[in-house]
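Everything below concerns the one structure shown next.
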Amino acid sequence: MSSDPALWSRRRLLRTAGIAGLGLGLAPAALAACGAGGDTGGGGTTSVRVALGWISNVEFAGFWIADDRGYYTQEGLDVEFIPGGPNAPDPTQTLAARGAEIAIPVALQAFLSAVNQGNDFVAYGTMFQNAPSALLSMARRPVRTAQDIVGARVLGQQGVQPYIDAAMRLAGVPVEYQFIPVGYEPSPLVDGQGDVYTCFATNQPITLEQQGLVQDRDFIVTTYQQLGLEQYASVLCSERSWLDANRPTVEKFMRATIRGWQDNAADPSVAAHLAVEKYGADLGLDLAQQTRENELQIPYTESDLTASSGLFRIDPARLSGPMYKAYTAAGVTPLPDVAKIVDTAVLDNVFQGKATVS
């Protein structure tokens with residue numbers, strides 16, 4: 001295991017989320033179907049435990065800003081963030097075991113799998129409007145479309161092939177390529193051992209930038225969304241019974257969180273400093289890398305829907321339409337009824353018809 005937390009992060013994402021494809025996770029172990037219960041601290045402050053999908057790095061930028069600037073306190077909340085890690089359970093497992101009231105699994109499929117295992121979970125927000133999972137290629141042999149993958153040597157992690165296959169099937173091109181298993185850093189691509197490398201668009205390209213290479217001149221990043229495989233990532237979910245009993249608390253949490261993410265878009269360096277110096281101070285994070293990662297991830301939190309209706313929005317029609325189509329092409333089944341697992345009312349109440357909160 002590398003000592004580089006950035007590589008740890010992507011390593012965990014790739015392993016638990018099948019991230020070289022859609023941010024779609026491998027099904028976790030069977031989860032016990034049980035409710036989660038919040039508790040209230042003294043002085044009228046409500047305690048909320050949030051299980052994160054990874055270590056306390058800049059990936060959770062808006063949460064750190066909301067906490068540091070007192071937005072949760074202003075809402076009467078005492079929020080405890082439970083970090084993940086290379087040996088930590090998936091957040092959905094923590095949620096099912098009542099170790100948290102809110103979970104943020106990296107992969108939407110982890111949430112769907114938990115539902116399929118009998119857990120009555122409901123999602124009400126998503127950090128990423130488009131999963132930053134992608135293909136990385138060099139200018140000498142660029143991969144911009146599924147057609148470009150035909151006949152290529154694909155460097156990737158075991159388990160990602162179904163999503164490469166899905167992109168090619170959806171594009172109507174032959175599913176023909178050579179798969180070469182590799183680790184979680186892009187040097188084999190640079191060394192010419194393959195033609196394209198499965199990556200996370202907010203991470204491995206930074207390694208190439210640090211080597212003096214320039215995107216779109218020296219290397220190409222093509223997201224799976226650009227290949228026709230759309231997917232949300234890092235959804236926020238809870239046990240339905242807890243959400244129903246604590247809806248005002250969830251709305252307060254989301255309002256404070258969204259304020260933090262709105263601030264993050266204005267200055268990516270703020271959360272990078274918080275991750276390095278405060279929330280992830282014991283992780284040996286690199287400030288330059290964290291700042292750049294935050295810069296790269298912000299566009300993935302935005303969409304036409306967020307521009308008109310606010311951050312963290314989930315579109316049930318998009319999930320049940322193109323996203324479920326991508327899952328189907330990748331052979332992922334069963335797919336639960338979206339109407340039963342998504343609650344849009346939480347953010348409707350938070351935004352009150354506006355696109356921002358204050």
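Keep in mind that the numbers below use all heavy atoms, side chains included, and drop hydrogens, waters and symmetry copies.
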- Task: Under the side chain to side chain contact (heavy atoms under 4.5 Å, CB included) rule, what do E80 and V48 come out as? Steps first, then yes or no, please.
- Result: CA-CA 6 Å; E80 176 190 358; V48 179; over 6 Å; no
- Candidate pair Y72 and D78, rule side chain to side chain contact (heavy atoms under 4.5 Å, CB included), full reasoning: CA-CA 7 Å; Y72 294 121; D78 178 13; over 6 Å; no
- Task: Any chance you could lay out the side chain to side chain donor-acceptor pair (under 3.5 Å) test for Q74 and R259, step after step, and finish with the verdict?
- Result: CA-CA 12 Å; Q74 292 170 20; R259 288 179 66 191; 2.9 Å; yes
- Item | Test log, rule side chain to side chain donor-acceptor pair (under 3.5 Å), inputs T306 and Q129 | CA-CA 8 Å; T306 65; Q129 293 291 305; 5.7 Å; no
- Take L236 and M254, measure what side chain to side chain contact (heavy atoms under 4.5 Å, CB included) needs, and give me the verdict at the end. CA-CA 10 Å; L236 282 76; M254 293 305 299; 3.6 Å; yes
- Task: Test V214 against F219 for side chain to side chain contact (heavy atoms under 4.5 Å, CB included), laying out the working first.
- Result: CA-CA 7 Å; V214 178; F219 65 90; 5.6 Å; no
- Message: Run the ring pair (Phe, Tyr, Trp, His ring centres under 6.0 Å) test on F60 and W54 for me, step by step, so that the C-alpha distance in whole Å, both residues' side-chain angles and the decisive distance to 0.1 Å come before the verdict.
- Response: CA-CA 9 Å; F60 304 102; W54 186 239; 9.3 Å; no
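Surrounding NZ of K278 are more than 12 heavy atoms belonging to other residues, nucleotides or ligands, all under 6.0 Å away. More than 12 heavy atoms of other shown residues, nucleotides or ligands fall within 6.0 angstrom of atom CG in D191.
Atom CG of L77 and atom OG1 of T46 lie 6.0 Å apart (nearest 0.5 Å). D315 contributes atom CG, which lies 11.5 Å from atom OG1 of T126 (distance to the nearest 0.5 angstrom). Distance check: F253 CZ to T249 OG1 gives 11.0 Å after rounding to the nearest 0.5 Å. How far CD1 of I102 is from CZ of F81: 8.5 Å, rounded to the nearest 0.5 Å. Between the OG1 atom in T356 and the CG atom in L311 there is a gap of 9.5 Å [rounded to 0.5 Å]. Considering OG of S234 and CD of Q297, their distance stands at 9.0 Å, rounded to 0.5 Å.
The backbone N or O of V346 sits nowhere less than 3.5 Å from a side-chain atom of N349 that would complete a donor-acceptor pair. Not a single donor-acceptor pair under 3.5 Å links the side chain of E239 to the backbone N or O of E101. In this structure, D195 contributes its side chain and R153 its backbone to a donor-acceptor pair below 3.5 Å. Looking at N119, its side chain does come within 3.5 Å of a backbone N or O of A114 through a donor-acceptor pair. Proximity of a side-chain donor or acceptor of R247 to a complementary backbone N or O of W242 within less than 3.5 Å is not detected. Panel note: side chain R240, backbone K340; a donor-acceptor pair is recorded below 3.5 Å. Of the possible donor and acceptor atoms, none in the side chain of N264 sits under 3.5 Å from a partner among the backbone N and O of A61. Using a distance-only test at 3.5 Å, with no hydrogens or angles considered, a donor-acceptor pair links the side chain of Q93 to the main chain of D90. Of the possible donor and acceptor atoms, none in the side chain of T223 sits under 3.5 Å from a partner among the backbone N and O of P132. In this structure, N203 contributes its side chain and E293 its backbone to no donor-acceptor pair below 3.5 Å.
Under the 3.5 Å distance criterion, with hydrogens and angles disregarded, no donor-acceptor pair is assigned to the side chains of Y224 and N130. Between the side chains of E185 and S187, at least one donor N or O sits under 3.5 Å from an acceptor N or O. For S238 and Y124, the side-chain atoms include at least one donor-acceptor pair closer than 3.5 Å. A donor-acceptor contact under 3.5 angstrom links the side chains of Q231 and Y327, judged on distance only.
Taking 4.5 Å as the limit, every side-chain heavy atom of S303 sits out of range of all side-chain heavy atoms of F128. Between T344 and P316 the shortest side-chain heavy-atom distance falls below 4.5 Å. Residues I298 and P268 have side chains in contact (heavy-atom distance under 4.5 Å, counting atoms from C-beta outward). No side-chain heavy atom of Q215 sits less than 4.5 Å from a side-chain heavy atom of L208. Within the 4.5 Å cutoff, the side chain of L227 has heavy atoms near those of the T222 side chain. Residues Y279 and D68 are in side-chain contact: their nearest non-hydrogen atoms beyond the backbone lie under 4.5 Å apart. Put simply, the side chain of Y71 does not reach to within 4.5 Å of the side chain of T257, judged on heavy atoms. Annotation: side chain of I180 is not in contact with side chain of V154 (no heavy-atom distance under 4.5 Å).
A272 and T291 make their closest contact through CB-OG1, 3.3 Å (heavy atoms, listed as atom of the first residue, atom of the second, distance). The heavy-atom pair separating E59 from V106 by the smallest distance is OE2-CG2, 4.5 Å. Contact between P105 and V235 at its shortest, heavy atoms only, is CD-O, 3.3 Å. Closest heavy-atom contact between G151 and R141: C-NH2, 4.0 Å. Considering every non-hydrogen atom in both G159 and P162, the closest pair reads O-CD, 3.4 Å. Minimum heavy-atom separation, V143 to S137: N-OG, 2.9 Å.
When each of Q290, E295, Q289 is paired with R292, the side-chain hydrogen bond (donor to acceptor under 3.5 Å, both in side chains) condition holds for E295 and for no other. Considering L112, I341, T92 as possible partners of F121, the one that fulfils the side-chain contact (heavy atoms from CB on, under 4.5 Å) test is T92.
Criterion: ILVMFWY side-chain heavy atoms under 4.5 Å apart, direct or through other members. Under it, V332 and L170 are part of a common hydrophobic cluster. No single ILVMFWY cluster, assembled from side-chain heavy atoms under 4.5 Å apart, contains both V221 and L296. Tracing side-chain contacts under 4.5 Å through hydrophobic residues (I, L, V, M, F, W, Y), one reaches L135 starting from V160; they form part of the same cluster. Y197 and I206 fall into different hydrophobic clusters, where Ile, Leu, Val, Met, Phe, Trp and Tyr residues are linked whenever their side-chain heavy atoms come under 4.5 Å apart, directly or through other members. When hydrophobic clusters are built by joining Ile, Leu, Val, Met, Phe, Trp and Tyr residues whose side-chain heavy atoms come closer than 4.5 Å, directly or via intermediates, I220 is not grouped with V196.
Salt bridge annotation for D348-R313: present, with a cationic side-chain nitrogen under 4.0 angstrom from a carboxylate oxygen.
Cation-pi geometry between R318 and Y232 is satisfied (NZ or CZ under 6.0 Å from the ring centre, within 45° of the ring normal).
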